[in-house]
Amino acid sequence: MENLDVMVLRTLRDWRQAGKRALLATVVRTWGSSPRPVGSIMALCEDGAVVGSVSGGCIEDDLIYQHTQAYASAASGGSSKAIPSGPPGFVKYGITADEAHRFGLPCGGTLELLLEYDPDAKALAQLVSALEAGQLMQRTVRLADGAVTLDEAKAPAELSLSPVELVNTFGPEYRMLLIGAGQLTEYLATMALFSGFAVTVCDPREEYRSAWSVPGAKVLSDMPDDVVIAFKPDRRSCVIALTHDPKLDDLALLEALNTDAFYVGAIGSRRNNEARHQRMAEHFDLEESALARLRGPIGIYIGSKTPPEIAVSVMAEVLAVKNGVTLPRDMEVAQAKNERAVVENDAEGLVCGVARVSS
């Protein structure tokens, strides 16, 4: 699944290029609880098709009823409804308790939408092309007439609304680079794709790549450290090492720690994590400030044992970091296991949980 904003804008572009009437709805203000945050967008076509969301579904249904032919047969006298023309307009939902209940809003929740009618197809095409090229874009809408200007943005920004204009920043997709193409990677890649990440998997080992079964993820065979350099992680990127093999993981992590990636981590036990830190400090002269960015053991503590459960744990932590949520220390894997006195693997008999065979 691709980034939701890009999907909405791409679909809206296609509708408008095909000559169809359509509107773009943007959540511009909320009061109390709201099902979708400020800046969320959805597009509505004249035939009632919808992409994106501004609520749990009830507001979308009302917009369809109010602005399309979809429910014309239910209108009194057979009168039809159509998307209006003209400058953008505002609409509020959930002002009263009855409306909040009707539209599925939490108790006391209210939201305000800006509706843009028939956005310019050429401007939409320019915006989508820029986003697909990995650019961060600022879209400014003049409220008097709906005229749109596009500028490349230097940094992500919250939506801003003034009496004369709306400014919303759209970023390229969040990206996830996974080192190793094993079973855990397949589960994590699937979750990341459905969470809107563009996923790249790197594994130089043919036996792992040949068994890969997740469509939608890009699979590379180059050495992981080279892939990290070419990947150019930025503030919307995360790099996760999952091979348990220092020869593959360490150099890739070292390169990733020199980037702006918002999340860099590696799978492994508490003992493996300590050994990794020691290797990087001793052999690569990595300072403690840089090592502090390296997450491990990754994930949140949910008692996970199986690959899908571990993937849930890791994806939850990635999303928390992405969304700026500071998790309590007792949810960290190492801290939680220490508090519960969970016995560590015997380093003399196990390597990453696999029994070592003596010759």
Side-chain angles (χ1 to χ4, degrees), residues 1-30 34-70 81-93 103 111-132 135-151 153 156-173 196:
M1 182 177 292
E2 63 184 335
N3 176 275
L4 182 58
D5 285 348
V6 177
M7 180 172 64
V8 171
L9 294 168
R10 183 183 291 118
T11 303
L12 179 60
R13 175 206 62 187
D14 293 344
W15 289 339
R16 296 294 294 130
Q17 287 181 337
K20 296 181 179 180
R21 303 204 59 205
L23 66 79
L24 177 66
T26 303
V27 178
V28 295
R29 277 191 283 251
T30 63
S34 174
R36 297 284 285 136
V38 169
S40 300
I41 60 173
M42 63 153 281
L44 169 64
C45 188
E46 63 182 357
D47 60 10
V50 171
V51 61
S53 66
V54 293
S55 76
C58 295
I59 290 178
E60 287 81 355
D61 287 346
D62 187 71
L63 288 171
I64 293 172
Y65 179 83
Q66 294 296 331
H67 297 299
T68 76
Q69 307 274 350
K81 297 179 181 292
I83 293 173
S85 301
F90 292 93
V91 60
K92 285 184 180 179
Y93 286 95
F103 294 116
L111 61 82
E112 184 173 18
L113 306 176
L114 177 71
L115 305 182
E116 299 175 55
Y117 308 113
D118 297 331
D120 180 65
K122 183 177 179 181
L124 286 169
Q126 292 174 346
L127 177 58
V128 171
S129 295
L131 295 175
E132 290 176 338
Q135 297 177 16
L136 186 67
M137 298 297 295
Q138 178 179 282
R139 181 177 185 268
T140 302
V141 182
R142 191 165 61 198
L143 301 182
D145 57 8
V148 171
T149 57
L150 299 174
D151 298 285
E158 299 293 330
L159 177 145
S160 65
L161 178 66
S162 74
V164 297
E165 65 183 17
L166 167 76
V167 180
N168 204 0
T169 301
F170 295 98
E173 294 175 307

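Just so it is clear, the values below take in all heavy atoms, side chains as well, and ignore hydrogens, waters and symmetry mates.
- In this structure, the side chain of Thr26 does not engage the main chain of Val28 through any donor-acceptor pair within 3.5 Å.
- The backbone N or O of Gln126 sits nowhere less than 3.5 Å from a side-chain atom of Ser129 that would complete a donor-acceptor pair.
- Side-chain contact check for Leu9 versus Leu124: some heavy-atom pair is nearer than 4.5 Å.
- Between the OG1 atom of Thr140 and the CG atom of Leu166 there is a distance of 8.0 Å, given to the nearest 0.5 Å.
- Taking both residues in full, the closest heavy atoms of Leu150 and Ala123 are given as CD1-O, 3.4 Å, listed atom of the first, atom of the second, then distance.
- Distance check, rounded to the nearest 0.5 Å: CG of Leu159 to CZ of Phe170 gives 8.5 Å.
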Derivation of the side chain to side chain contact (heavy atoms under 4.5 Å, CB included) call for Leu115 and His67: CA-CA 11 Å; Leu115 305 182; His67 297 299; 3.7 Å; yes
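- Residues Val38 and Glu158 form no side-chain contact, since every pair of their non-hydrogen atoms from C-beta on lies 4.5 Å or further apart.
- The heavy-atom pair separating Leu23 from Pro119 by the smallest distance is CA-CD, 4.5 Å.
- In terms of heavy-atom proximity, Ala25 sits nearest to Leu63 at CB-CD1, 4.5 Å.
- Annotation: the span from Thr11 atom OG1 to Met42 atom CE amounts to 11.5 Å, rounded to 0.5 Å.
- A salt bridge does not link Glu46 with Arg21: every distance from a Lys NZ or Arg NE/NH1/NH2 to an Asp or Glu carboxylate oxygen is 4.0 Å or more.
- We find the CZ-CZ distance between Arg10 and Arg13 to be 6.0 Å, quoted to the nearest 0.5 Å.
- Residues Pro87 and Ala144 come closest through the heavy atom pair CB-O, 3.2 Å.
- Side chain of Arg16 to backbone of Ala22: no donor-acceptor contact under 3.5 angstrom is found.
- Looking at every heavy atom in both residues, Leu131 comes nearest to Gln135 through CD2-O, 3.5 Å.
- Here the closest non-hydrogen pair linking Val141 and Val148 is CG2-CG2, 4.2 Å.
- Atom CD1 of Ile83 sits about 10.5 Å away from atom CD1 of Ile64, to the nearest 0.5 Å.
- To the nearest 0.5 Å, atoms OG (Ser55) and CG (Asp61) are separated by 8.0 Å.
- The side-chain contact (heavy atoms from CB on, under 4.5 Å) test with Ile41 singles out one residue from Leu4, Asn168, Val27, and that residue is Asn168.
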Chi angles and distances behind the side chain to side chain contact (heavy atoms under 4.5 Å, CB included) call for Leu114, Leu161: CA-CA 10 Å; Leu114 177 71; Leu161 178 66; 5.6 Å; no
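- In this structure the side chain of Glu60 reaches within 4.5 angstrom of the side chain of Val54, judged on heavy atoms.
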